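See structure below.
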Amino acid sequence: MQWEIVIGLEVHSQLATQSKIFSGAATAFGAEPNSQACGVDLGLPGVLPVLNREVVTMAVQFGTAIDAELGFRSVFARKNYFYPDLPKGYQISQFELPIVGRGDVDIELEDGTIKRVGVTRAHLEEDAGKSLHEDFQGCTGVDLNRAGTPLLEIVSEPDMRSAKEAVAYARKIHQIVQYLGICDGNMQEGSFRCDANVSVRPVGQAEFGTRAEIKNLNSFRFLEKAINYEVERQVDVIEGGGKVVQETRLYDADKDETRSMRSKEEANDYRYFPDPDLLPVEFDQAFVDEVTKDLPEMPDAKRQRLIEQYGLKVAEAVTLISSRALADYYEAAAESAGDAKLAANWVLGDLSGAMNKNNIAISAVPVSPAMLGGMIQRIIDNTISGKIAKQVFEAMWLGEGDADAIIEAKGLKQITDTGAIEKIVDEVIAANPSQAEQFRAGKEKMLGFFVGQVMKQSKGKANPQQVNALLRSKLS
Amino acid sequence: MFEQTISELSAALRAGEFSSVELTRAYLERISQLDGELNSYITVDAEGALAAAAEADRRIQAGDTSPLIGIPIAQKDIFCTDGVKTSCGSRMLDNFIAPYDATVITRMKQAGMVMLGKTNMDEFAMGSSNETSWYGPVKNPWDLERVPGGSSGGSAASVAARLAVASTGTDTGGSIRQPAALCGITGLKPTYGRVSRFGMIAFASSLDQAGTMTRSAEDAALLLQAMAGFDTADSTSAEEPVPDYSATLNDDLSGLKIGLPKEYFGEGLSSEMAKTIHAAIDEYKKMGAEVVEISLPNTHLAVPTYYVVAPAECSSNLSRFDGVRFGHRCEEPKDLEDLYKRSRGEGFGDEVKRRILMGAYALSAGYYDAYYLQAQKIRHLISDDFTRAFKEVDVIMGPTTPDSPFKLGEKASDPVSMYLSDIYTIAVNLAGLPGMSIPVEPMKGLPAGLQIIGNYFAEAKLLNVAHRYQQQTDWHRLIPEGYGA
Amino acid sequence: MSLERSDVEKIAHLARIAIDEDKVESYAADLSKILGLVAQMDAVDTEGVVPMAHPLHMSQRLRADKVTESDNREKFQRIAPQTEAGLYLVPKVIE
């Protein structure tokens, strides 16, 4: 049987505010346990929530960016359940009336086609604390610093048909929230987490299969692997004559498998009702206009502009806009270099390679866009060759100064003096008579040998075009 | 000195007739003599009170003329008080030393008031007789075999017995007005949102409101002045200006339109209560008020609606008492579920458990629409009754309770009959309106209360209406036998 | 509307409240009585009536995004049943 995979994602995006959604405690990551949990976060008797304006602003910005219907009147509700990391015994969330309604995002598939994925809604809620399961006197420890951190939960339609599509969608949402500056996107710290609803159905069947929800996927790689595992598991279950159970599952990255979280299953009667401590959140179009008037360029628009303005290939533009910081870096480097194409090659080539190798983010790259641009200028004006530039780039990365200083200090300036190059060419031809003979006999490949020898003699500094021309004329 | 009102005491303190420390000591002494039987206090903070009194004396000597400075007050044990046990009448919080002050407490401290201690109450304010308190029932000072009403029973009894100059209460379904009526004192529940709920342990968030329990409307005006006002820490507090409540106390009442809801004088009201209430209303006629009959047709739905809305909210509000961060924790829990269930099972009393269960049921899957949603809709109908009425009249009057205080244990075994004793007070909470109860002529030596209901934020009008009556009558000056000075 | 023993047990579990075996029946009886009282609502036609969640017709006030709280852990944990290394402790949770 042929199976169709159906995936919907719930993305929890921590909003990059200074203080919590309902209290004035700090949201900074990594503080001492419970040092950033104030009375409201702890759910002390008598405390009350007061809503942070910034979270409303950020939600409206997100809604606008995905062209969604906005909830001009949204209501906070309580989701009731008991868990040690949930201090009040309920989570304040939005249920019937979310702040962001139906919207869309476009994702690019591997074959280059664009697919539209529906966003059902996005609502504001508070994050829970963390349970630490290391052994504390045989107990679980609870840190409530994260409790009350604002979350925007972005719920998609079940529109994705493969793990790759799900990842493309998650990356797209990741990109949008980072472009907006409403989430730092740090998946390792849990600022951006996904739950995946996965089901399978025979191709051609209209109704959905029973879904399982895989919780807390905190990397794109895990998201893809978890979905692939889960799809295989469900197909095995069905093909083995069994039935998929609707349940919550956890992805175990070490074992690369998902397993049932029975502990969360039993209490799923959440008894939602409007939170009587909070009033309806209301805003008007003027508020929307105010908070969206300076929105940054969104990824789709930026991609289009990079293609048109700089003549980049689609694939190049797609990679460059993967983060706003990378795109900004690129544009600055291109401007400084004066050659957009060459700048793209360097950013996507050596720069990205070095970032990967050293595992650092664009914001931490030691070579500024101006330094990279300055180096590219030296390629353009023939001061150095592309090959020498790689040495210069490495030196810049190691902090040895800008391109000009390094070229000077290391004597890397290209030899363009015809006489000097001619001298080396003559020496090389004289030293390799049999190879010269072979070339003259028509073995075209030998030219490469001679170029190599000349470059070696010149320590790579001879201008390659001149070397080529001289060799051809001397050997003919 | 135990018979003096706040303004009389304040004048005496400023004149140096006695100091706040002397006044406070006298009250502490009286509490230790008389409260053993009454049980109106859960905690007496003698040390804190004397320190606050000494500070008040310094301020008075430095020329501070704040009207409440140095006045001893009792706080309902539902308000968090930094460093002082805040039990909410529950075993759950028997070990809870609040780590912060409620806004009401902060404001009273700033006003220079002296907190004598924390008063007894029905557990988590759930009750109408003060019999659900973990610390035992409070007795009615007018008849020790009878209940003082609830849930602010300790606050009412302490003021009636002159064990505090005044006290605070909270009112979710009548918890200020009903005990005020049953103890013969003046109780004011302000408009929802008039007084900050921050630091007041929540029972039903959309109904709870803090107010005053005093010997007179004049005292209530002074106390409310300190309590009322917008609080940035409470999203549901109102950004409404606070008028000078004392300034309009003596306004003339001629032409005042009083509405008497026929539903408040029908079946269920004792004939004696009807008689004393009508006598009080006659007094208003003498003052030139005009009395008209009105109808609040959905009155009979108030109790049923309330017993869905309040338990639903309470079931969620009380989830935070889980034995993890504060409060009672059971011995040797074998796992997490055992920790929750036993801590809560041991920490909460029967009435609280009943209401939590009722609320969880009303909100649970499949029942939400029939119970919670239907109740919210009927709540609207009840509120609309009042909106219509206030287009015709300035205030609404009627009995606070159907009868005089019942005997301890009389209704304890039947929750529904207990619930029905709040039949005249509950609708006011559902609508969020301000309401008062003032003492009228007692019935066979037991207190009775006239309820006065006003439009939103019309506290000044209520106080004016109450004060004028208290200028004409002396019922509010009666002191229960054995508690005279 | 009357509640059975099993209904009470179910809600008690939902609310995480231990109820003594021998008291379940009396809870069921009391709750059934309350539901009987509440049943008066059934007869009311509320077609088209807007639910009233709140007495005041106000909208939510928004506060500025500022950190106003500082570390108060020591004070807060002084009233906690069991803590270690700044953490609240609960019986081992198995996920």
Side-chain angles (χ1 to χ4, degrees), chain A residues 17-20 23-28 31-42 44 50-57 73 75-76 80 82-84 89 129 131-133 135-144 250 261 263-264 266-267 269 271 273-274 276 278-283, chain C residues 3-4 6-19 31 34-35 38 41 46 48-95:
Chain A
T17 54
Q18 299 300 306
S19 64
K20 294 191 177 171
S23 82
T27 54
E32 279 290 295
N34 290 307
S35 63
Q36 288 178 177
C38 71
V40 173
D41 307 325
L42 294 175
L44 289 182
V50 185
L51 184 61
N52 186 336
R53 171 185 299 274
E54 200 59 20
V55 304
V56 176
T57 298
R73 183 176 188 275
V75 169
F76 281 102
N80 295 284
F82 286 87
Y83 207 68
S131 298
L132 306 170
H133 301 295
D135 202 45
F136 296 99
Q137 310 167 24
C139 292
T140 289
V142 182
D143 174 9
L144 296 171
L250 196 68
M261 286 173 80
S263 57
K264 291 232 167 173
E266 49 177 350
D269 187 348
R271 289 158 288 144
F273 75 107
L278 291 160
L279 300 165
V281 180
E282 294 178 305
F283 52 80
Chain C
L3 289 189
E4 306 290 324
S6 61
D7 295 320
V8 174
E9 283 163 351
K10 211 179 104 194
I11 325 164
H13 173 68
L14 207 54
R16 298 295 187 275
I17 291 180
I19 301 222
L31 289 171
I34 300 168
L35 287 171
V38 162
M41 297 196 316
T46 52
V49 179
V50 179
M52 176 173 160
H54 231 273
L56 299 179
H57 307 287
M58 307 191 302
S59 57
Q60 177 61 36
R61 211 177 46 79
L62 304 173
R63 52 162 246 278
D65 180 26
K66 277 200 193 123
V67 176
T68 53
E69 300 291 328
S70 46
D71 181 9
N72 232 339
R73 183 175 82 184
E74 202 210 311
K75 188 170 189 183
F76 291 150
Q77 296 202 337
R78 229 178 283 149
I79 52 172
Q82 199 186 358
T83 58
E84 190 189 307
L87 298 163
Y88 293 97
L89 297 191
V90 296
K92 193 110 194 121
V93 177
I94 303 130
E95 286 213 316

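Nothing here was measured: the structure is a model prediction, and the numbers come from that model. Residue numbering restarts at 1 for every chain, and letters A, B, ... go by the order of the sequence lines.
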| query | Quick one: what part of Gln36(A) sits under 4.5 Å from any heavy atom of chain C, side chain, backbone, both or neither? | reply | neither

| So what's closer than 4.5 Å to chain C heavy atoms on Val56(A): side chain, backbone, both or neither? | side chain

| field | Ser19(A)/Val67(C) under side chain to side chain contact (heavy atoms under 4.5 Å, CB included): CA gap, chis, key distance, verdict | value | CA-CA 5 Å; Ser19(A) 64; Val67(C) 176; 4.3 Å; yes

| Step by step, would you call Asn34(A) with Phe76(C) a side chain to side chain contact (heavy atoms under 4.5 Å, CB included)? | CA-CA 9 Å; Asn34(A) 290 307; Phe76(C) 291 150; over 6 Å; no

| note | Taken to the nearest 0.5 Å, the spacing of Thr57(A) OG1 from Leu62(C) CG works out to 8.0 Å

| request: Supply the atom-to-atom distance Glu32(A) CD to Arg73(C) CZ, rounded to the nearest 0.5 angstrom. | output: 5.5 Å

| Does the pair Leu14(C) and Arg271(A) meet the rule for a side chain to side chain contact (heavy atoms under 4.5 Å, CB included), with working shown? | CA-CA 10 Å; Leu14(C) 207 54; Arg271(A) 289 158 288 144; 3.6 Å; yes

| said: Under a 3.5 Å distance rule, please check whether Arg61(C) uses its side chain to pair with a backbone N or O of Leu279(A) as donor and acceptor. | reply: no

| message | Can you tell me which portion of Ala26(A) sits under 4.5 Å from chain C's heavy atoms? Options are side chain, backbone, both or neither. | response | both

| Engaged part of Leu42(A) at the chain C interface, taking heavy atoms whose separation is under 4.5 Å | side chain

| Nearest heavy atoms of Gln18(A) and Asp65(C), plus distance in Å | N-OD2, 2.9 Å

| Do you know the tightest heavy-atom contact between Val93(C) and Pro84(A)? | CG2-CG, 3.9 Å

| said: Given heavy-atom pairs under 4.5 angstrom as the criterion, report whether the side chain, backbone, both or neither of Glu74(C) touches chain A. | reply: neither

| task | Mind listing the closest non-hydrogen atom pair of Met58(C) and Pro280(A) along with its distance? | result | O-CD, 3.8 Å

| said: Under 4.5 Å from any heavy atom of chain C, what part of Ser131(A) do you find: side chain, backbone, both or neither? | reply: neither

| Between Arg63(C) and Asn52(A), does a side chain to side chain contact (heavy atoms under 4.5 Å, CB included) hold up when you go through it step by step? | CA-CA 5 Å; Arg63(C) 52 162 246 278; Asn52(A) 186 336; 3.7 Å; yes

| message | To check you understand the geometry: which heavy-atom pair defines the closest contact between Cys139(A) and Leu89(C), and what is its length? | response | CB-CB, 4.0 Å

| Any donor-acceptor pair under 3.5 Å from His133(A) side chain to Lys92(C) backbone | no

